[in-house]
Structure formats: C-alpha cells, structure tokens
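Here's the structure, in structure tokens; my notes come after.
Below, chains carry the letters A, B, ... as their sequence lines are ordered, and counting in each starts from 1.
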Amino acid sequence: MAGDSTGYIQHHLQNMAYGELPAGYERHNADGTVSVLAEDTWTLAHSSAEAADMGFWAVHLDSLGWSIGLGLIFSFLFYRVAKNATAGVPSGIQSFVELLVSFIDGVVKDIFHHKNRMIAPMGLTIFCWVFMMNLMDLVPVDWLPMAAQKISGNEHLFFKVVPTTDVNITLGMAFTVFAFMIFFSIQQKGLIGFIKELTMHPFHSGKWYIDFTILVWVNLILEVVALISKPISLGLRLFGNLYAGEMIFILFGVMLGSGLVLGTAGVFLHLGWAIFHILVITLQAFVFMVLTTVYMAMAHDVDEEH
Amino acid sequence: MEALGLVYVAAALLIGLGALGTAIGFGTLGGKLLEGSARQPEQGPALQGKMFLMAGLLDAVPMIGVGIGMYLIFVVAPSLV
C-alpha cells in the first residue's frame, strides 16, 4: 500500500471512477512510466487527478454498484417475505420484517396525517436502504478491497465500500425527495397554490400595491432559501456523518500500520468508534426517513389558509 | 506556501467552532431530558426518543463542517503543496 500516511489516506478517498480520457492524455502509471493515449478511451481512473480530468460524465462504479446491489437485496428480501407471509406462526425473518414495518408505520402515522399510500412504503425503503448502505461502514476499510485484489489479481484495484460516503449518492437521494416534495405540493395545492405559498407567506397585507411592490419579493427570498436548504441539509447531513466516520476509520487504519504500540491502541480505538458508529448509522437513517416524511406532510398541507 | 497555512487554519476553525456549538447544544438537550424525565418519569421513553431525533438533526451542522474541513485538509491542501 502507499508508504506515507497521506498517500494511504488519499488512496482510500479515491472512488472507482469510470470515464473517458481524451486522446493524447499522459497517464502516469504506478511504476513511473508515462503512456500517452492514442484515442479517447473509456477507462478506470488511476488517480484523483485523472478522475477529475474525466469531467462530468465519469461514473463512480463502486458507489453505484454497492448502492444498487444493496437496494436489490433489500427489495428482494422484503418481496420474498411478503410473498409467503403466513398468518400462522411467523418465521424469524417474517417477524423481523413485521417489527420493522409496524415501527415505521407508527412513526409515519404520527407525522403524516393525509391520505397518500406511497409515503409509508417510501419511508420503509429509505430507512432500510440507507441503513444497509451505512452498515457497510462497519466493515473495516481494507477488507473488501483487499479481498477483491486477491481474487482479481489486479494489485491496483481499489473501491470505496460505503456508498453514502459519496456525496453524489446522498445529494442524489436528497434531490429525489425534493422532486417528490415539489410534485406533491403542486398536485395537492395546484400550481397557483404553490406559488402563493412561496410569495404570500409569511408577510401579506391584503392591499395589492403594498404586496406586489415589497412584500412578495421579501417573501420570495425567504421562502426560496428555506426551500433550497431542505434537500441540501438533508443530503449533506448524511454525507457529513458517514464521510467523517469513515475518515476516522481510515485514520485508525494508518495507526494500525505504524508500529506495535500505536497499532494496539488503534485496534481498541477502532472498536470503540465502531460501537459508537452503530448509533450514528441508525440515527442518520432514521433522521433521513423522518425528515422525508415531514417534508411530504408539509407538501400535503392544504388547509393552512391564513 | 501562504495559502496552505490558511487552508489548515480554516479547516481547524470549521471543525472546532462546529464542535463547540454542538457540545453546548447537546449538553442543554441532555439536561432538559433529565429534567423532563425527573418531573414525569412515565414520559421518560418518549422524551428519550425525541431527544435522539433532535440529536440526529443537530448533528447536521458540525458534521457538514467536519466533512468540508476534511475535504479541505485531504483534497485542497495537498493540491496546494
């Protein structure tokens, strides 16, 4: 692995980016040689510089692969349990799923008082999927990449295991929730209702000339800032927690690699941080779900005409 | 060379002040939880649930700061060296 610690940390923050490098691009290979590309080639980036040069259309294979894989596992598992759910003696997995579903249903019922059959399943999916993605953070940083290196024989293969430490994934989910929020607001309140909500709250005087000259613009600024801050804070909260959590695991990895005394201290610190991180993982998945449900409830609030 | 020092100072401030604010916030939150459950012990579990929810929400501010601070330290700073 990279000798010095900064190299180790840098190496472990590098997603597996797959994108197109332009013709004539000098690639600095690991063994120091420089190879010039003959034509535009779609390839895996060897360094963060190359990943940056790939521009917009570079895809993080590891984040996508792990998140989609975990999502499929979740949906397949719940589908199979739902398929052969028996009213008789429930099997172990079925009682676990029932526990989860009833817990989430209770939380959603407390928050969401309108009639929409999509919200509780969305809450369940978000909670389980985000929790499973976060759970990957408890797997020590080097296990899976090293296993893959051994299997594939390619010594330079590396990928980040936790999808939620990739800002694209968390902000992607947050903006999808944002799109739902806008869609449901317009569906429930109508386009005019939605615009009125943005321009008439919180100040309105009823006299049109005062409204349209000053108050509407003040309202618009306040409301738009509040609206935009919702998805961004939702996405960055999950990203910040998981990214910082994994960063600390990587730092413990550096400690493990440097000497006996630091190594043993690193093991205990790693254990302690992992135990605390179990709380952080569930809490962040729960908060993401609750906030999504709250935003959906706000989108459905029609009767607060004042 | 000048910018490098500033980047590290910025990251330190980002993480430190965020942690300071959250520590005070969590302290008061925990204190209020104890007061509330002392006054009405039967409401203990409900209060605790809500406290964890608030703790999760409060976590956003310092964690975004820590995330950006670490980005500064490990991505921006090496590129300036």
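Under a cut-off of 6.0 angstrom, the local environment of CZ in B:Phe26 is crowded, with over 12 non-hydrogen atoms contributed by other residues, nucleotides or ligands. More than 12 heavy atoms of other residues, nucleotides or ligands lie within 6.0 Å of CZ in A:Phe74, so this atom counts as buried by the packing criterion. No more than 12 heavy-atom neighbours from other residues, nucleotides or ligands sit within 6.0 angstrom of CZ on A:Phe96.
Residues satisfying the side-chain contact (heavy atoms from CB on, under 4.5 Å) test with A:Ala244, not counting sequence neighbours, are B:Met63, B:Val66. By the side-chain contact (heavy atoms from CB on, under 4.5 Å) test, B:Leu72 pairs with B:Val7, B:Ala10, B:Ala11, B:Leu14, B:Val76, sequence neighbours left out. B:Leu13 pairs by the side-chain contact (heavy atoms from CB on, under 4.5 Å) definition with B:Val9, B:Leu17, not counting sequence neighbours.
For chain B, the nearby part of A:Leu279 is the side chain; its heavy atoms alone come within less than 4.5 Å. Contacts of B:Pro78 with chain A are made by side-chain atoms alone, with heavy-atom separations under 4.5 Å and no backbone atom involved. For A:Leu283, the part lying near chain B is the side chain, with the backbone staying farther off; criterion is any non-hydrogen pair under 4.5 Å. Using a 4.5 Å cut-off between heavy atoms, A:Leu238 makes no contact with chain B at all.
The structure places CE of B:Met70 at 9.5 Å from CD1 of A:Ile250, a figure rounded to the nearest 0.5 Å.
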Inset, instruction - Evaluate side-chain contact (heavy atoms from CB on, under 4.5 Å) for A:Leu291 paired with B:Leu57, printing each intermediate quantity in order. - result: CA-CA 9 Å; A:Leu291 271 180; B:Leu57 292 172; 3.5 Å; yes

Using distance alone, with no hydrogens and no angle check, list the donor-acceptor pairs under 3.5 Å between chain B and chain A.
unit_1	atom_1	unit_2	atom_2	d
B:Phe74	O	A:Gln10	NE2	2.2

